[in-house]
J.: 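Just passing along the structure, written as structure tokens.
Residues take their numbers from the sequence shown, with the count starting at 1.
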Amino acid sequence: MIVAPAAAEIECFRGLVVELLGLYFEDSKLDFLADVLRKRMEDTECHLFSAYRTRISSFAGERSETCALAEQLTVGETYFFRYTEHFQAFVEIVLPSRILARGGDRRLRILSAGCASGEEPYSLAILIRERFPELASWDVEIVGFDVNTSVVAKAKRARYSPWSLRETPDDLRLKYFRGRGRDFQLDEAVRSAVRFKEQNLVQDDRLFWQRDRFDAVFCRNVTMYFTIDVARSVVGRIAQSLAPGGFLFLGHAETLRALSHEFHLRHTHETFYYQRREAIEKDGAITLPLETAEDGSFRRPVPELVEPNDSWFGAIRRASERIANLTRDRNEMAVRAAGTIPPIADPRPAPWDRTVAIELLRREKFSEAMELLRALPAESKTDPDAQLLIAVLLTNGGDLPEAEKVCRHVLNLDELNAGAHYLMALCREHAGDEVGAVQHDQTAAYLDSAFAMPHLHLGLVAKRSADVETARRELGRALPLLDREDASRILLFGGGFTREALVAFCRTELRSCGGIA
């Protein structure tokens, strides 16, 4: 009889899952983990958890048990041509770029990591066959791998239900699939173009992850389940295995933020993807404007000052002028009363500590905050936090050209800085570049899905452009995010308004667009 695992054993099992598969399960999933553990103990006839742990720790048992756990714990649901925008970018940007780069040796290598039942790599094979018939004479290899043995076996069979073909264009379905009972069998020419293998993405297989091996890697909806350390390690291996200028596609809810600085962010076809650095930028290459800094903050909750057709920056500028006047008045009163401005204790620590400057900002000590930041040693030029706060203060003071210069510098240091992209959106809007503003807002929202301000700004820009549908959608997204937004980010990016004022303002704007607030 299997003894029900104790809480400490379930916690230990959670650690083993991280070690073997890189997967992390929140506390809310502990009951699910307990069920999986009980089932695996029954299947392996381990009556005690200690025996099961010993089995996993053995060299022979680790591989078989990893595969068994993968079947229980990983999500294998996918379908052909999932995320159409990614495949459009693959055909129109990635393949032409890599064909040009590989013209000398006429070979291409494409990887689908975490391929599940094979729909993704087969979709790539179909597109190559359809759109680039000249590659028939090239050495093209498409590899798909997954840790789940059963889904790899299904991929090799290449037999799919109508549900897997729900996004497949009719012409491609008729051309490449044949009915087999209730299912559809993929054409042999496409099947033979893809090679499948069982592979654990978490394990460092140096023979497989050879340097500069791949031209494109699809690793979609995989890293989102990993711990941060495992995700960094996996992305590092992918980066090493990509040729300079090679491309990486992640799932829509995944970013490389806090994981890697080895890629440029690309934005085409209404989607985001990555290109490995060290690429030779050619004329006409599609690149995203990669500069923006965080937008500074004030503290006056007066949303009524935001006119319906005014720019968001206009509200920030007026708020900064208002705060500057208040600060000047207070300083003058202090001078008259005491003969000097009460000094703040010199907060300059030996190492850079942004919390001091943020506290000065919170207390509306803008000149002191700027003085502190300007007095930092030369090495602060390479510190995105320090530079970002300088950009915030410059924006608060209305010096947008200088703020934009600092923002560009920040994004040279940290291309995936969501706050920097948001502030750049404000700078671009002020310069009359609405397209650039929207791009940077979209980038900020992609890089940090919990960031409310880009959605609010997108909604306001859309409303001014009479794009009511987009305005409703973005303002509707901003409203619940504002309720949960981090207080320090409200301080930095809230345009001088409190959370309550921003929520009230967003509701008013949403209602005026016909939305439900």
Side-chain angles (χ1 to χ4, degrees), residues 75-99 101-102 108-128 131-132 140-146 155 167 193-194 196 199 201 209 212-226 231-232 234-277 279 285-288 290 415-416 442-443 445-447 449:
V75 179
E77 169 22 4
T78 185
Y79 50 88
F80 281 89
F81 300 103
R82 185 181 188 184
Y83 303 157
T84 302
E85 302 88 350
H86 280 176
F87 290 109
Q88 290 173 340
F90 175 74
V91 167
E92 297 179 17
I93 302 295
V94 173
L95 280 178
S97 170
R98 298 314 300 161
I99 288 171
R102 296 291 199 183
L108 287 174
R109 299 290 182 266
I110 299 165
L111 173 65
S112 173
C115 67
S117 45
E119 289 92 331
E120 179 179 88
Y122 283 141
S123 296
L124 297 170
I126 290 172
L127 287 174
I128 290 174
R131 300 291 291 273
F132 293 87
V140 178
E141 181 183 43
I142 304 173
V143 178
F145 76 66
D146 201 281
E167 294 294 330
V194 181
F196 291 98
Q199 178 90 15
L201 191 56
W209 298 108
D212 301 346
R213 175 180 179 181
F214 295 108
D215 295 278
V217 173
F218 283 71
C219 186
R220 305 189 299 178
N221 301 321
V222 177
T223 61
M224 62 191 295
Y225 299 109
F226 290 159
R232 283 198 189 106
V234 167
V235 170
R237 283 195 286 275
I238 291 174
Q240 173 183 286
S241 71
L242 272 170
F247 293 85
L248 170 62
F249 288 84
L250 301 176
H252 286 173
E254 299 171 304
T255 79
L256 293 184
R257 181 169 162 260
L259 295 182
S260 174
H261 291 292
E262 298 188 58
F263 294 85
H264 290 300
L265 179 65
R266 300 305 186 208
H267 183 195
T268 70
H269 300 80
E270 299 184 357
T271 194
F272 292 92
Y273 51 102
Y274 296 87
Q275 185 174 19
R276 186 186 147 184
R277 291 181 182 272
I286 295 184
T287 59
L288 173 69
L290 292 173
E415 196 170 308
L416 307 184
Q442 289 175 337
T443 304
Y446 161 73
L447 290 170
S449 60

J.: Hey, can you tell me if F90 and F249 have their rings parallel, tilted or perpendicular (30° and 60° cut-offs)?
T.: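 The arrangement is perpendicular - the two ring planes meet at more than 60°.
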J.: From L95 CG over to R102 CZ, what is the distance, rounded to the nearest 0.5 angstrom?
T.: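 So the CG of L95 and the CZ of R102 are separated by 12.5 Å.
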J.: Would you please indicate yes or no on a ring centroid separation below 6.0 angstrom for H252 and Y83?
T.: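 Yes: the rings meet the under 6.0 Å criterion.
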J.: Nearest 0.5 Å please: distance from the CZ atom of R257 over to the OG atom of S449.
T.: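 Spacing of CZ (R257) from OG (S449) equals 8.5 Å.
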J.: Any salt bridge between E262 and R277, counting N to O under 4.0 Å?
T.: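 Salt bridge flag = no for R277 with E262.
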J.: With rounding to the nearest 0.5 angstrom, report the CZ to CG distance, R220 to L250.
T.: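 The CG atom of L250 is 10.0 Å from CZ of R220, to the nearest 0.5 Å.
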J.: Verify the distance criterion only: is there a donor paired with an acceptor across the side chains of E415 and H264 at less than 3.5 Å?
T.: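 Yes, because at least one side-chain N or O of E415 sits under 3.5 Å from a partner of the opposite role on H264.
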J.: Please report the interatomic distance CZ(F214) to CG(L111), rounded to the nearest 0.5 Å.
T.: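 Answer for the CZ-CG pair, F214 versus L111, is 4.5 Å.
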J.: Rounded to the nearest 0.5 Å, what separates atom CZ in F226 from atom CG in L201?
T.: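 With rounding to 0.5 Å, CZ (F226) is 4.5 Å from CG (L201).
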J.: Just checking, is any N or O donor in the side chain of S112 or Y122 under 3.5 Å from an acceptor N or O on the other one?
T.: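 Judged by distance alone, the side chains do not pair up.
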J.: Can you tell me how the ring of F218 sits relative to the ring of F87, calling it parallel under 30°, perpendicular over 60° and tilted otherwise?
T.: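 Geometry flag for F87 against F218: parallel rings.
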J.: Less than 4.0 angstrom from a charged side-chain N to a carboxylate O is my criterion; do R82 and E119 meet it?
T.: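 Here R82 does not pair with E119 in a salt bridge, since their nearest N and O are not under 4.0 Å apart.
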J.: To the nearest 0.5 Å, what is the distance between CD on Q275 and CG on L265?
T.: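 Atom-to-atom, Q275:CD and L265:CG are 11.0 Å apart.
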J.: With sequence neighbours left out, write down each residue that passes salt bridge (Lys or Arg N to Asp or Glu O under 4.0 Å) with D146, or none if nothing qualifies.
T.: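 By the salt bridge (Lys or Arg N to Asp or Glu O under 4.0 Å) rule, D146 matches no residue at all.
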